[in-house]
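Okay, structure first, notes after.
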Protein chains: 2
Amino acid sequence: MANIYSVAKAARVSVATVSAVVNKSAYVSPQLRSRVEAAIEKLGYQPNLMARSLAVRKSHMLGMIVPDIANPFWPEVVRGAEDKAHELGYTLLLSNGDDAPAKEELYLRLFLAKRVDGIILTKAPGRPMKPEIAQALEKAHIPLTLLLRVQKGLSGDSVLLDDKEGAFEAVTHLLRLGYRRIGVIAGSNAVSTSRRRLEGYRQAHKEWGVAVDPALVGVGNFRIDSGYAAGRDLLKKRPEAIFISNYLMAVGFMQALRQYQLRCPQDIAIVTCDDHPWLDSFTPRLTTVNFPKYQVGAEAARVLVDRLTTRDRPIETVQLKSSLTIRESCGYSLRALAV
Amino acid sequence: MANIYSVAKAARVSVATVSAVVNKSAYVSPQLRSRVEAAIEKLGYQPNLMARSLAVRKSHMLGMIVPDIANPFWPEVVRGAEDKAHELGYTLLLSNGDDAPAKEELYLRLFLAKRVDGIILTKAPGRPMKPEIAQALEKAHIPLTLLLRVQKGLSGDSVLLDDKEGAFEAVTHLLRLGYRRIGVIAGSNAVSTSRRRLEGYRQAHKEWGVAVDPALVGVGNFRIDSGYAAGRDLLKKRPEAIFISNYLMAVGFMQALRQYQLRCPQDIAIVTCDDHPWLDSFTPRLTTVNFPKYQVGAEAARVLVDRLTTRDRPIETVQLKSSLTIRESCGYSLRALAV
DNA sequence: TTGTAGGCGTTATCAA
DNA sequence: TTGATAACGCCTACAA
C-alpha cells in the first residue's frame, strides 16, 4: 500500500510537504498542494493511522468495558458511546467483562498495551482494581471514566443514573396505588447501582411509614435465572406488588409467575427497571423506570474526551435522570379509583 | 511508560534480547532471561502493540460493520464475534452502518486507515461497494467476510443463514395448521436476506398449492415503524395469519394489532423471525424462526481468521441452520385438532 | 515555503 | 547466544 514516501516521490516533493497538506498543518503553495493531492488521489493513499499514532503518541482509541453487550440494557449505551466517540474523532474498543474481575483485568491490560487514550469502565463487582493496574493507568496517564457504578478506591469522572430516585419513584407509585406488601428483587449488593436502588425502595417505604418485610427482599445478579429463582422464593411470601431492579430479572420473574399461574397485575403488580421499545407491544405491559441509555453512553464518551483534550479540569460527575413509564403491570387501571 | 530500551538498559542487555524473551522468538540463556524478566516486572513493561503492529505489518485488529447494535438481533452476533476474535488473538473494531452506504464507506475507509487485518461486513442495501474501496481492500490484501447478506459483485467468504428454509418451515407450519390467507411482512427487497425469506414464503405456498394473494405481501425495512405501517395496511385485508421477517417489525405489527383491537392468536396467528429469551415470558408468546445468532458471529470471526492465517484456501461459505420454536402466537393450541 | 533528519517502540537480519 | 542496526510509516523541529 502507498505510503507517504511514494506520494512524495510521485509529487516530486518532500514527505514534510505531503504531511503538511494531509494534516493542513502548514501553508503549502497551491502548485505543490495540487501536485500532492493529485498524487494522493492517483495512488489511493491512506495515511497509516498506526504509524501516526506512534509518532504523535496518541492512539485516538477509547477502551470500553461493559458487563455484557448481549444483555439488552447495554446495546443502546454502547451505541451512544460509539456515535459520540466517532463524532469526536475517536474509535471505540469494546469488551465484555462479564462482571468478572479476572476478565476485566485482562481487558484493562490489553487496553494498556494498545495504548488507548482513555477508558470507559463499568466496574465488575467484587475485587477492587489491582493496584498494579491502577498504577500503570496512572503512570501512562490513561484516564478512566466510570459508567453507572462507583466503587471506593476508584476515582475519576463518572456518569451515573439517579438509581435511588428512580427506585423511589417506582415504589412510591406502588404505595400510592395502595399496595403495602411490596417485594423487591435487587441486584448484587456488591454493585453500587443495586444498593442505591434498594435504598430508594427503603426510602419510599420510610416516607410512607410502611415497614419493609425482610422476607420480601430478594437478591439476584441481573440475569434471568436469578430473577426466576428470587421470584420463586418471593412469591411464596404473597407480596401484592414487586419492584425489580432490571429487565432480565423481570423476565425471569415472569417465568416464576407463569409457573405459579399467577396473573399480572390482577394477582401481583410489577414495576421494573429499563424500558424497551417492545414493552408496549406485549402483555403484561410493564411499568418501568426508564433510564436514558443512549445518553449515558454518549455522555461517557463526551466526558472522557473532554478530560483528554482539556487538562486540569475538575472531576466531573454527571447524573442522568430517569422517568417512570406507566403501563398496566402496576395495576394502575385496576387501582386508579383508589388514588 | 517503560519501553524496550529502558528494560534493556535495566537488564544490561540489548533490545534484541528483550524482544527475544518477550516473544520467545529465540533462545536466551537462563541468566539473561531472568535478568530481563526481573526488569520487565520492575518497570511494569507492557510492549507497545502499535509499534509492534507497525513493525510486523499486522494490526491484529478486525473491523466489523453491523447495521445497528441497538437492534436486538445484533448484540448476540457481535458477542459471538468478539469472543471468538479475542480467543484467536484479535481485537474487534465495531461500527454501526445503519444500512446507509455512505456510512459504510466512511467506516470502510477508517478500517483501511487503521490497517485492520480483515473485515466482517453486513452489507448495506442499495449502492454496491465503490470500486475504489473494493480495489483498495484488494491492494491492501484485506479480506472481507460477508455476514448474512450477499450482494452481487462482492465475493469472499461468507456466513449465512438458511433464510429460505427457515421461512419455508414457518409458513409451512401455518399452512399445516389450516391457515390459507397468510400475509407476510418482508424486509427490503434490496437485502438478500429478505428476498430469500420471501422466497421461502412463496415456496411453501406453492408446495401446498395455495395461491399467494399479492395484497397480503407487505414490505418494511426491519424497523418498528415499518412493521406498524405494513401491519395497518395488511390488517385491512383480513389475513388469518402472518409471517414477519424480523423481531422489530413484529413489535410494530403488534402495535397495529392493538390499535385494531385484534387478538393473537384468536383473530390472527403470527410467526416471526429472531428468537429472544424474553419471548417466553410475555403474551402473545411468539412462535419464531430461531437463528443461531451467537454462532453466526463466532463463525464469521473464525472464518476470517482462517483466511488470514492459511493462504490459498478455497472460498468458504458456511450456512447455519435455523429451527422453529413453537409457542402460542401461531394458534397451535387452538388448531391442534385440525392437524 | 520547502526539505532534512531524528524520533516514536518494535521486530528482524546479520555479524560477531 | 547476543548485539548492532535497518526497517515499519509517520510527524515535527530545525535549517535552508
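Quick note: numbers below take in every heavy atom, side chains included, and nothing from hydrogens, waters or symmetry partners. Sequence lines set the chain letters: A, B, ... in the order given, protein chains first and strands last, and positions in each chain run from 1.
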Regarding [X] and [Y], does a basic nitrogen lie under 4.0 Å from an acidic carboxylate oxygen?
X      : Y      : answer
A/D117 : A/K58  : no
B/R109 : B/E132 : yes
A/E316 : A/R302 : yes
A/K84  : A/E87  : yes
B/R223 : B/D99  : no

**Q.** Closest nucleotide among D/dC10, C/dG9, C/dA12 to the A/R52 side chain
**A.** D/dC10

Q) B/S29 has a side chain; which of C/dT10, D/dT1, D/dG3 sits nearest to it? A)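 Closest nucleotide to the B/S29 side chain: D/dT1.
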
Any protein N or O atoms within reach of nucleotides 14-16 of chain C? Criterion: under 3.5 Å, listing atom names and distances.
none

side-chain N/O [X] vs [N] OP1/OP2, d < 4.0 Å:
X     : N      : value
B/S25 : C/dT11 : no
A/Y45 : D/dC10 : yes
B/T17 : D/dG3  : yes
A/R57 : D/dC11 : no
A/S53 : C/dC8  : no
B/N48 : C/dG9  : no

Please confirm whether the backbone N or O of [Y] pairs with a side-chain atom of [X], one donor and one acceptor, at under 3.5 Å?
X     : Y     : answer
B/T17 : B/V13 : no
B/R12 : B/K9  : no
A/H60 : A/T91 : no

Q. Using the C1' atoms of five pairs at each end, what's the angle between the two axes of the helix from C/dT1-D/dA16 to C/dA16-D/dT1, to 10 degrees?
A.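 One end axis against the other gives 40°.
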
Q. Which residue, A/V15 or B/A51, contacts DNA chain D at a nucleotide closer to its 5' end, judged by nearest heavy atom?
A.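 Its nearest nucleotide being more 5', the pick is B/A51.
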
**Q.** DNA chain D: 5'-proximal contact among A/A55 and B/A26 (nearest heavy atom)
**A.**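 Nearer the 5' end of the strand: B/A26.
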
Length of the line joining [X]:[atom1] and [N]:[atom2], which is rounded to integer Å:
X      : N      : atom1 : atom2 : value
A/L112 : C/dG9  : CG    : P     : 14 Å
B/Y27  : D/dG3  : OH    : P     : 14 Å
A/H60  : D/dC11 : NE2   : P     : 12 Å
B/L49  : C/dC8  : CG    : P     : 18 Å
B/N23  : C/dG9  : CG    : P     : 17 Å
A/M50  : C/dG9  : CE    : C1'   : 12 Å
B/M1   : C/dG9  : CE    : C1'   : 12 Å
B/I4   : C/dC8  : CD1   : P     : 14 Å

Q) With sugar-phosphate meaning primed atoms plus P, OP1 and OP2, does A/V28 contact a base, only sugar-phosphate, or nothing at under 4.0 Å between heavy atoms? A)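 Sugar-phosphate only.
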
Q: Quick one: label A/S19 by what it contacts on the DNA or RNA (base, sugar-phosphate, nothing), any heavy atom closer than 4.0 Å.
A: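 Base contact - A/S19 has a heavy atom under 4.0 Å of at least one base atom.
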
Q: Determine, stepwise, if the pair B/L144 / B/L137 fulfils side chain to side chain contact (heavy atoms under 4.5 Å, CB included).
A: CA-CA 8 Å; B/L144 222 55; B/L137 256 24; 4.1 Å; yes

Q. Is any side-chain heavy atom of B/L160 less than 4.5 Å from a side-chain heavy atom of B/T317?
A. yes

Q. Do A/R52 and A/N23 touch side chain to side chain, with heavy atoms closer than 4.5 Å?
A.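 Answer yes - side chains close enough.
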
Q. Under the side chain to side chain contact (heavy atoms under 4.5 Å, CB included) criterion, do B/S19 and B/I4 qualify, and how do the steps go?
A. CA-CA 8 Å; B/S19 179; B/I4 201 170; 4.0 Å; yes

(Q) Can you pull out the residues from residues 31-38 of chain B that lie within a 4.0 Å heavy-atom distance of DNA chain D? (A)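 Per residue number, the list reads B/L32.
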
Q: Starting from the C-alpha separation in whole Å, work towards a yes-or-no answer on side chain to side chain contact (heavy atoms under 4.5 Å, CB included) for B/F111 and B/M61.
A: CA-CA 9 Å; B/F111 289 164; B/M61 299 200 302; over 6 Å; no

